[in-house]
Amino acid sequence: MSPALQVNAISKRYGATTALQDVSFELKRGQVCGLLGENGAGKSTLVKSISGVVWPDTGEILLNGESYRPRSIVEGNRRGVSTAFQELSLVPTLSVAVNLFLPHPERNGLGLVLTRKLEQRAAEILEEHGVRDIKPSVLVGDLPLGMRQRIEIVRALQRKPSVLLLDEPTAALSDREWLFGLIDKAVAEETSILYISHKLDEIRRLCSRCVILRNGRKVMDSDVESMSNDEIFTNMAGRSVVETFVSRTPAIRVGLAPRLEVRNLKGPGVEDVSFKLAPGECLGVAGLEGHGQSSLFKALVGLSPVTGGTIAVDGIHVAIRSPREALKHGVALVPEERKSEGIFSDLTTMANISMPVIDGVTRFGLVNRAAERRAVGAVTPSVNLSERFLGYGIGALSGGNQQKAILARALISGAKCLLLFDPTRGVDVGAKQNIYAMMAAFVRDGGSLLFCSTELDELVHLCDRCLVMYRNAIAGDLPREELSQDRLLSIASGFRPQPDVGLAAASQKGA
Amino acid sequence: MQNKQTAAIGETAGHEKPVRRQWLRPDARPAALVLLATVALIVSMKLVNSDFGSLNQLTAILITSIFLVVASFGQGLVILTGGIDLSIGVVMGIGGMIIAGMTRGSDDMLVYALPTALVCCAGIGVINGTGVAVAKLPPFIMTLSSGTTFFGIGLALTAGSSQQPVAPALQKFMSGSWLGLPLPVWFLIVFAVLATLVQNGTAGGRKLYAMGSSPGAARVLGLPTTMLTIAVYGASGLCAGIAGILLAGYSSSATLDMGNALLMPTIAAVVIGGARVTGGAGIYLGTLAGALFLSTLSTVITILSLSQGLRSIIQGGIIIGALLLQSSRSAQRH
């Protein structure tokens with residue numbers, strides 16, 4: 001019998017970046033195969049190639065032994081391939097029911113969609129999949145991330161696919177057992193599942209086999225049982241990167257006014273947040289996705305309104321209404337969305353980096369290229385960005401080099417306090433090391449970092465202290481000695497830490 | 001040592017292959033292409049009709065292109081930031097009408113009329129920019145409705161056309177020459193050089209590219225986006241005003257609707273020149289080439305005595321063609 005899915009030597013390039021190179025593997029009928037890899041290893045590109053979102057440049061895919069070249073997701077669906085995407089593919093302005101039946105909701109003889117019938121069917125389907133707390137008539141945009149993720153999963157499952165792709169389905173999920181139950185049921189019905197995750201316990205629970213990608217190449221394909229955790233981690237290379245990073249000595253300057261002092265900050269998505277960030281300190285911010293980290297960072301630079309509380313920089317109260325004002329006080333944000341809020345894709349790497357100081361490198365009102373080059377050349381070594389990239393459009397660079405350029409830009413602006421939001425997301429291993437080194441050098445020179453990361457091991461190894469956010473508020477504040485992934489994860493999942501009464505009491509007193 | 005090691009990883013892990021350097025910068029290619037097309041148009045006309053293409057005729061084309069060259073610079077700046085200015089035609093008319101109305105056939109008032117006209121035109125632009133940047137109105141609605149409103153105001157204050165000729169000095173400027181070159185051609189050269197420097201040489205110009213390329217990143221980085229937007233629409237109004245004054249001088253009188261026929265060509269010139277309609281890409285050299293091409297084409301159409309309908313069809317077709325070319329180019333990249 002031919003395998004359900006057979007991928008033969010597919011490759012995919014984006015501009016100058018190779019996302020996938022010669023990746024081959026098989027998915028047998030009724031098998032759950034884990035797909036592991038660091039961020040940026042090519043997992044999502046592989047999923048998109050199989051589901052029909054992108055076309056591989058070379059190689060072929062066989063579905064049940066037949067040639068399969070989907071030109072769109074819809075065609076993929078028709079052939080029995082269904083996907084729950086990591087960056088959910090639901091339409092926020094439509095109801096749950098309509099979303100479940102996209103792209104072609106059932107129509108009556110007049111070609112109209114009957115809402116009531118649709119919602120009835122949707123309710124049945126949700127019930128069938130064990131979802132009882134979501135009403136089919138609610139707009140998806142009004143639902144929290146976790147519920148949306150469940151809808152995304154139910155939608156993929158209700159099509160009764162022969163091949164199901166789940167791209168980090170538990171990222172925002174609070175009840176993993178619900179998903180595991182559904183997967184077991186689907187496997188019993190001969191569905192083949194490719195399960196993408198970087199959580200080892202999930203892989204061990206669900207998968208019989210696993211494939212590991214690194215930098216776009218397959219580096220391992222074997223039975224899960226025969227592999228030790230260490231073997232898997234070494235192959236993913238993610239963990240070892242941070243651990244090989246020399247643990248640095250704390251550089252906190254005592255006796256100075258805090259670089260950033262936030263008291264009872266309130267705003268959309270931020271509830272009564274207080275913390276102090278000292279000069280020379282790297283303060284981590286942990287939390288599961290959608291627990292207010294992003295809103296907090298935005299509020300700190302004036303990208304979202306602040307409705308209460310105070311911010312003080314170097315001991316002086318300031319009102320920050322825009323990133324421009326934040327920069328005047330020496331606070332700069334390195335944003336979460338590199339593509340839409342970080343890079344200027346039409347400009348050269350040089351112009352991207354020099355933007356904050358462009359007014360200072362002019363002569364007779366015109367940009368002086370030599371002065372610009374000197375200014376940029378002064379910061380690129382700090383992030384180890386090769387000079388030869390400076391002349392190219394930044395869009396042609398790999399994610400890692402783009403991120404290095406954005407960090408170089410933050411450095412060139414002269415900011416003394418950097419707010420880094422997940423700076424290593426989608427970045428290759430080498431660039432990660434460069435970024436860690438830049439962060440260490442920055443605090444050594446007296447700069448302050450507020451550092452949010454989705455990778456807990458980064459927080460554990462890099463931070464002097466770490467805040468944990470849960471439901472838009474700070475649920476924990478752990479000193480370096482107490483940092484561990486388990487500890488962070490348990491607080492981030494809403495388990496109250498025992499010894500942490502001091503902070504809660506203090507913030508109550510403040511309010 | 002550590003540094004060297006990480007550098008090596010950085011180089012290999014990114015799988016980056018440097019793109020080969022080309023002799024012509026990619027953003028200058030459309031400009032070169034359009035200039036070639038202009039030459040080809042002139043040569044092919046010369047083959048069909050040997051009377052065509054005399055030096056006088058070519059200078060005449062250059063002189064008539066001046067309105068488009070000036071006005072499309074403003075349009076190009078606005079498009080660069082991701083907007084569009086649909087009030088240009090009306091502003092040109094208003095600029096011309098103010099000059100004609102204030103000078104009434106004599107040079108005495110010209111020193112007051114020129115700044116008045118320019119300030120009014122730039123003012124309309126500033127209003128547009130404020131609407132777009134502060135009130136966050138979609139640019140095409142803001143500029144279209146402000147254009148209509150100011151047209152109405154103009155119509156209420158005047159009869160729609162000037163009763164008297166414009167100042168003779170302006171008319172002389174448009175027909176005079178210096179060192180064997182007509183004054184408008186000198187003006188065109190100086191304007192083109194200044195415009196190129198402003199758009200592609202100054203720090204402000206660089207920021208406009210950044211804004212158009214990624215408004216989100218521009219905001220996060222703290223670029224003065226509000227001020228830049230207002231400045232850009234103001235500059236567009238100013239350019240339209242200058243073009244209107246020149247047009248009034250050229251035709252020695254002004255009507256309120258004399259600029260309307262030039263609105264579409266300003267957009268066309270920018271788009272043909274290789275600028276992206278959604279902002280962030282394109283150089284002024286391209287816009288200049290586009291303006292020259294359209295003016296040549298317009299003269300050719302006049303000489304062939306094609307109908308007004310056909311003229312519109314050709315113009316519209318060229319814009320759509322240029323856009324199709326652009327989208328197929330960007331599709332190839334992905």
Side-chain angles (χ1 to χ4, degrees), chain A residues 13-18 21 215-216 246 301 303 322-328 332-333 335 337 339-347 351-352 354-356 358-362 365-367 381 384-386 388-389 391-393 396-401 404 409 413 428-431 433-434 437, chain B residues 2-21 25-27 80 82 194 196-228 275-276 278-283 330 333-334:
Chain A
R13 292 174 66 89
Y14 293 106
T17 314
T18 304
Q21 184 141 22
N215 291 328
V246 210
V301 295
L303 277 172
S322 70
R324 193 171 173 70
E325 289 181 349
L327 196 57
K328 274 188 201 139
L333 170 70
E337 305 282 340
K339 277 220 170 68
S340 64
E341 296 179 337
I343 59 167
F344 300 109
S345 55
D346 298 304
L347 273 59
N352 264 279
S354 66
M355 194 58 72
I358 192 73
D359 290 310
V361 293
T362 54
L366 298 178
V367 174
N384 198 18
L385 180 65
S386 170
R388 68 194 172 97
F389 293 132
Y392 296 118
L397 266 53
S398 69
N401 281 320
K404 287 196 223 170
R409 182 166 74 197
S413 72
D428 59 88
V429 181
Q433 287 194 335
N434 296 148
Chain B
Q2 160 101 30
N3 254 350
K4 229 174 218 165
Q5 206 179 352
T6 50
I9 293 171
E11 313 274 284
T12 49
H15 305 301
E16 254 145 319
K17 280 189 191 144
V19 193
R20 200 153 33 90
R21 292 251 178 202
R25 284 170 50 195
D27 49 359
L80 182 59
L194 285 179
T196 304
L197 287 179
V198 167
Q199 187 173 337
N200 299 113
T202 61
R206 185 75 74 78
K207 288 178 195 163
L208 297 183
Y209 279 91
M211 255 175 74
S213 181
S214 172
R219 212 159 53 105
V220 169
L221 201 56
L223 295 182
T225 47
T226 307
M227 283 317 293
L228 284 172
R276 194 184 304 142
T278 48
I283 56 174
S330 65
R333 270 193 296 151
H334 290 293

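Throughout, a chain's letter reflects where its sequence line sits, starting with A, and its residues are numbered from 1. None of these values were measured; they are calculated from a predicted model.
Contacts between A:Val367 and chain B at a heavy-atom distance below 4.5 Å involve backbone atoms as well as side-chain atoms. A:Ser413 does not touch chain B: none of its heavy atoms, backbone or side chain, sits under 4.5 Å away. When heavy atoms are compared at a cutoff of 4.5 Å, A:Ile343 approaches chain B solely by way of its backbone atoms N, CA, C and O. For B:Pro224, the parts lying under 4.5 angstrom from a heavy atom of chain A are both the backbone and the side chain. Both the backbone and the side chain of A:Leu333 come within less than 4.5 Å of a heavy atom of chain B.
Each of A:Gly393, A:Ala351, A:Ser322, A:Gly400 has some count of heavy-atom pairs under 4.5 Å with chain B, and the biggest count is that of A:Ala351. With chain A as partner, the option from B:Ala218, B:Gly212, B:Pro215, B:Gly205 having the largest number of non-hydrogen pairs under 4.5 angstrom is B:Ala218. Between chain A and the options B:Leu223, B:Thr225, B:Asn200, the largest number of non-hydrogen pairs under 4.5 Å is found for B:Leu223.
Distance check, rounded to the nearest 0.5 Å: CE of B:Met227 to NZ of B:Lys207 gives 11.5 Å. Going from atom CG of A:Leu347 over to atom OG of B:Ser213 covers 6.0 Å, rounded to the nearest 0.5 Å.
Residues A:Lys404 and A:Leu397 form no side-chain contact, since every pair of their non-hydrogen atoms from C-beta on lies 4.5 Å or further apart.
Smallest separation of non-hydrogen atoms from A:Leu385 and A:Asn401: CD1-OD1, 3.6 Å. Taking each heavy atom of B:Ala281 and B:Leu80 in turn, the nearest pair found is N-CD1, 3.9 Å.
The backbone N or O of A:Glu341 sits nowhere less than 3.5 Å from a side-chain atom of B:Ser214 that would complete a donor-acceptor pair.
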